[in-house]
Amino acid sequence: MITVLTGASAGIGAAVALELAKREHQLVLVGRTPAKLAAVADQVAAVTGTAPGTFQADFAVLDDVRRLADELLARYERIDVLVNNAGVMTTRRERTADGHELMMQVNHLAPFLLTNLLFDLLKESSARVVTTSSRAARTGRLDPADLSRDRRRWSGWLQYGDTKQANALFTVALADRGLAATCLHPGVLDTGFAAGTFFMKFLTVVPGMAEPPEAGADRIVHLVTHPDGVDHPGRFFVKNVPATVPRTMTDPELAEALWSASQTACSL
């Protein structure tokens, strides 16, 4: 199985890489920081005896995503699994050089662009697409006409919820287009994610509130390897079970409006 994994250089992504290496997947690791990516690649090679493919890309730069897609298409004749795992959370409002709010670009627009650029190959390969969302998607109040919240009240957690809702709706739209697409809440994990926020500091300090990254990795691996990843297209999983979620995460009309707005934002 040729598996492309984004956000592979640390945290949950690194744990996913090691678990899939044990299951003899041919891994293609994508990360932002070359040194960290190389360290994970060395760990994978120690398990498999073969160096995985590694590709550097910063999802805050859409041209990096376009280059990544070109390189993947040039090297691989098929892709069996795409794991959209790269993500960011910040309480400081930032805008990328592409003109988008940082979290919306990294968490949604970049994987949207990558998946679309690989779409034909993924379809030909009968690939699975697994996207790391979050239970924060339930709080999302996404407006496809205002993805960066330029015309609405902004806070880091509000925007993060919007991006995770976007992950869920993107999964719905991919399933409607014939891909075996699922997404999931990986759990509250002690990975250093959103480390500067009081909320995450609290969860990681109180015993039993946060799980190790391997717990979240196991949930991603479940959708990569188990029939659930094919049998429940468009669904949002919690602890390896399709979850009942608000209509804001499943509405096909909202999913299509988001798709159209994302195409425009990515110049597709």
Side-chain angles (χ1 to χ4, degrees), residues 4 6 59-66 68-69 72-73 79 81-88 96 98-134 136-152 158-185 223 229-230 232-237 242 245-268:
V4 177
T6 72
F59 278 19
V61 181
L62 291 182
D63 276 347
D64 261 25
V65 180
R66 297 183 181 99
L68 169 64
L72 292 173
L73 290 170
I79 294 174
V81 182
L82 171 62
V83 181
N84 287 317
N85 174 66
V88 65
T96 70
D98 297 291
H100 309 298
E101 189 277 328
L102 176 67
M103 282 187 283
M104 184 57 70
Q105 177 162 324
V106 172
N107 296 353
H108 168 63
L109 293 175
F112 173 88
L113 176 59
L114 178 63
T115 307
N116 270 270
L117 294 174
L118 299 178
F119 187 90
D120 289 344
L121 183 58
L122 294 170
K123 195 74 178 290
E124 290 169 8
S125 306
S126 299
R128 302 185 190 205
V129 179
V130 179
T131 300
T132 304
S133 182
S134 167
R138 296 173 179 272
T139 70
R141 295 294 181 267
L142 186 71
D143 180 354
D146 188 24
L147 292 178
S148 293
R149 279 188 173 261
D150 292 326
R151 297 188 294 276
R152 295 174 294 153
L158 285 174
Q159 182 70 348
Y160 182 72
D162 283 3
T163 69
K164 297 292 102 179
Q165 181 191 359
N167 292 156
L169 291 168
F170 179 44
T171 299
V172 169
L174 285 175
D176 285 345
R177 287 163 172 78
L179 285 180
T182 54
C183 61
L184 75 153
H185 171 55
L223 291 175
V230 174
H232 300 281
R235 296 299 299 275
F236 179 93
F237 278 71
V245 297
R247 183 163 175 78
T248 53
M249 294 169 60
T250 63
D251 184 351
E253 292 185 5
L254 183 57
E256 288 306 311
L258 173 63
W259 187 283
S260 179
S262 302
Q263 283 181 310
T264 299
C266 294
S267 301
L268 283 175

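One is the number of the first residue; the rest follow in order along the sequence. Atom set for the values below is all heavy atoms of this structure, side chains included, hydrogens, waters and symmetry mates excluded.
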### Message
Does anything in residues 253-268 form a salt bridge (Lys or Arg N to Asp or Glu O under 4.0 Å)? List the pairs, not counting sequence neighbours.
### Response
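Listed by first then second residue: Arg177-Glu256.
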To the nearest 0.5 Å, tell me how far [X] [atom1] sits from [Y] [atom2].
X	Y	atom1	atom2	result
Arg66	Leu117	CZ	CG	7.5 Å
Asn107	Glu101	CG	CD	8.5 Å
Leu268	Asn116	CG	CG	5.5 Å
Leu142	Lys164	CG	NZ	12.5 Å
Leu109	Leu147	CG	CG	6.0 Å
Leu174	Leu169	CG	CG	11.0 Å

### Query
Parallel, tilted or perpendicular: which describes the rings of His232 and Phe237, with under 30° parallel and over 60° perpendicular?
perpendicular
### Message
Below 30° counts as parallel, above 60° as perpendicular, anything between as tilted: where do the rings of Phe170 and Trp259 land?
### Response
tilted
### Query
Is the backbone N or O of Ile79 less than 3.5 Å from a side-chain atom of Ser125, with the two atoms forming a donor-acceptor pair by type?
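Yes, because the side chain of Ser125 sits within donor-acceptor range (under 3.5 Å) of the backbone of Ile79.
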Beyond-backbone contact of [X] with [Y], side-chain heavy atoms, under 4.5 angstrom:
X	Y	answer
Phe59	Asp64	no
Gln165	His108	no
Thr96	Val61	no
Leu223	Arg128	no

### Message
Show, in sequence, the C-alpha distance, side-chain angles and deciding distance for Arg141 and Leu158, and conclude whether the side chain to side chain contact (heavy atoms under 4.5 Å, CB included) test is met.
### Response
CA-CA 8 Å; Arg141 295 294 181 267; Leu158 285 174; over 6 Å; no
### Task
Would you please name every residue forming a side chain to side chain donor-acceptor pair (under 3.5 Å) with Thr171, sequence neighbours left out?
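Once residues adjacent in sequence are excluded, Thr171 has no partner under the side chain to side chain donor-acceptor pair (under 3.5 Å) criterion.
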### Query
Is it true that Lys123 and Asp120 make a salt bridge, defined as a side-chain N closer than 4.0 Å to a carboxylate O?
no
